[in-house]
There are 2 protein chains.
Amino acid sequence: MYQELIDHIRKFVALTDAEAEVLPGYIQVHSIKKKAYLLKEGQVCRWNYFVGKGCLRMFCINEKGTEQITQFGIENWWLSDYMSFDRQTASGFNIQAIEDAEVYAIAYEQQAALFTALPQMESYFRIVFQKAYAAWQVRLKYLYDFSKEENYLHFTGSFPGFVQRIPQYMLASYLGFTPEYLSELRKKHT
Amino acid sequence: MYQELIDHIRKFVALTDAEAEVLPGYIQVHSIKKKAYLLKEGQVCRWNYFVGKGCLRMFCINEKGTEQITQFGIENWWLSDYMSFDRQTASGFNIQAIEDAEVYAIAYEQQAALFTALPQMESYFRIVFQKAYAAWQVRLKYLYDFSKEENYLHFTGSFPGFVQRIPQYMLASYLGFTPEYLSELRKKHT
DNA sequence: CGGTCTCTTGACGGAGTTCAAAGCTAGTGG
DNA sequence: CCACTAGCTTTGAACTCCGTCAAGAGACCG
């Protein structure tokens, strides 16, 4: 319990065992069944989630009524709609479990208290967000620089294990094209 | 001097006048001429830049040899290649001034000392990065959800003043299409 | 002024979408 | 543990958005 989170925090900042015991006062554990929703479009996003086990997806519904996946959340990754979370306004996203999952969740109202109790958590999140933003810059470079075919090859080459965990149509949605075209690419590349 | 930066910091955390006087010990001011480079592909990114005046662009060169703009940096915005900055590895990006600019720059080696001297700066950057990441999530939603035409209309509608500051071909590059197609869109929408 | 950027125009081509239908797979209940 | 069904994946044909290429017209700076 809390072990995945504690391990992750200790990769970036110091945290004594005594301090780690304080975490449950500010961060909850939620067990999520496959297909359950952690956030629905139109709601105010109350939680910032850390994935301990399992896999989440974040998506929105476009004007044609199809789901558009923008992010996956896997083990050791923080996921939330940060615009909605930060401003406590209605979200334009959905977050759903695509496997049974165990997540650690910080409520919006408890965030400030956590930073007061454990100031190094402020530092931890500074580092986490900086790295997440850095990863985004790289992702955007690929998105713009390469064709959809090249993006597919790059992604499957980089995360072969992950690709097998999710249905093809979700991969297609994440990469920004149709399941039909993905099928064509798969045939082409044996 | 330092006023734009101090004002920005004070939007998010407390900073006394005495503390503000410490900033020049850790953060430098650079005056940049139009077209000058702040970072070139292949270099290690040493600096994290805050734009006080002027406008920067971040771009990479794709395999066809054309420039692909991924971000602009305008007043009150932090800009850097955070992957290269964080890991001190070779960058895949260029950063260039597209107007004469005045920027505040934190060197990689001074970052830790700044956070020790002014712990609230850690909190400030946590907030800055969280908001930048939130803005990215929204940008990605638009990128995937809408056609290039809709993206063009949305961007020009949202930032009419900014669009007039930059050449058309840079706008086309940022939005992910060709100057020729942008020209077509402009004609179509009077 | 003259030359180099920048923007426009139009013809053509191709990457990727849409639609419809058929084949598969996996979960569920009996 | 099997059978049935709903959801997932594949196929193929028609179509369309947008890129490429080439050439000309402005616009800006020295």
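Chain A is the first sequence line, chain B the second, and so forth, proteins listed ahead of strands; every chain is numbered from 1.
Each of B:Glu180 and B:Lys34 was assigned the nucleotide of DNA chain D with the nearest heavy atom; the assignment lying further toward the 5' end belongs to B:Glu180.
Looking at the side chain of B:Lys187, the nearest of the listed nucleotides C:dC7, C:dT9, D:dC8 is C:dT9.
Distance, B:Lys188 NZ to C:dT8 C1': 17 Å, rounded to whole Å. Whole-Å rounding puts the B:Leu171 CG to C:dT6 P distance at 14 Å. The distance from atom NZ of A:Lys35 to atom C1' of C:dT28 is 12 Å, rounded to the nearest whole Å. Rounded to whole Å, atom C1' of C:dC5 lies 16 Å from atom CD1 of B:Ile166. Taking atom CD1 of residue A:Ile98 and atom P of nucleotide D:dG7, one finds them 17 Å apart after rounding to whole Å. Rounded to a whole Å, the CD atom of A:Glu99 is 12 Å from the P atom of C:dG27. In this entry the distance linking CG of B:Asn151 with P of D:dC18 reads 10 Å, nearest Å. Rounded to whole Å, the distance from CG on B:Leu182 to C1' on C:dC7 is 9 Å.
Note on B:Arg186: a side-chain N or O is less than 4.0 Å away from OP1 or OP2 of C:dT8. Here B:Lys64 reaches the OP1 or OP2 of D:dT20: one of its side-chain N or O atoms lies under 4.0 Å away.
Taking five base pairs at each end of the helix from C:dC1-D:dG30 to C:dG30-D:dC1 and finding the rotation axis that steps the C1' atoms of four pairs onto the next four gives two axes whose angle is 60°, to the nearest 10°.
Between B:Phe155 and B:Phe159, the distance separating the two ring centers is shorter than 6.0 angstrom. The ring of B:Tyr181 has its center no closer than 6.0 angstrom to the ring center of B:Tyr152. The aromatic ring centroids of B:Trp78 and B:Phe125 lie less than 6.0 Å from each other.
By the 30° and 60° cut-offs, the orientation of the rings of A:Tyr124 relative to A:Phe12 is tilted.
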Quick one: which protein N/O atoms are closer than 3.5 Å to N/O atoms of nucleotides 13-16 of chain C? Pair and distance per line, please.
unit_1 : atom_1 : unit_2   : atom_2 : d
C:dG16 : OP1    : A:Lys148 : N      : 3.1
C:dG16 : OP2    : A:Tyr181 : OH     : 2.4

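The shortest non-hydrogen separation linking A:Ile61 to B:Asp145 is O-OD2, 4.3 Å.
Between B:Tyr133 and the choices A:Phe85, A:Tyr82, A:Tyr133, the ring-ring contact (aromatic ring centres under 6.0 Å, His included) rule is met once, by A:Tyr82.
Enclosure of atom OH in A:Tyr142 is not indicated, since only 12 or fewer non-hydrogen atoms of other residues, nucleotides or ligands lie within 6.0 angstrom.
At a cut-off of 3.5 Å, with distance as the only test, a side-chain donor of A:Tyr104 or A:Glu4 sits close to an acceptor on the other residue.
Among residues at least two apart or in separate chains, salt bridge (charged side-chain N to carboxylate O under 4.0 Å, His left out) pairs with a member in residues 82-103 of chain A are A:Lys33-A:Asp100, A:Lys53-A:Glu102, A:Asp86-B:Lys131, A:Glu99-A:Arg165.
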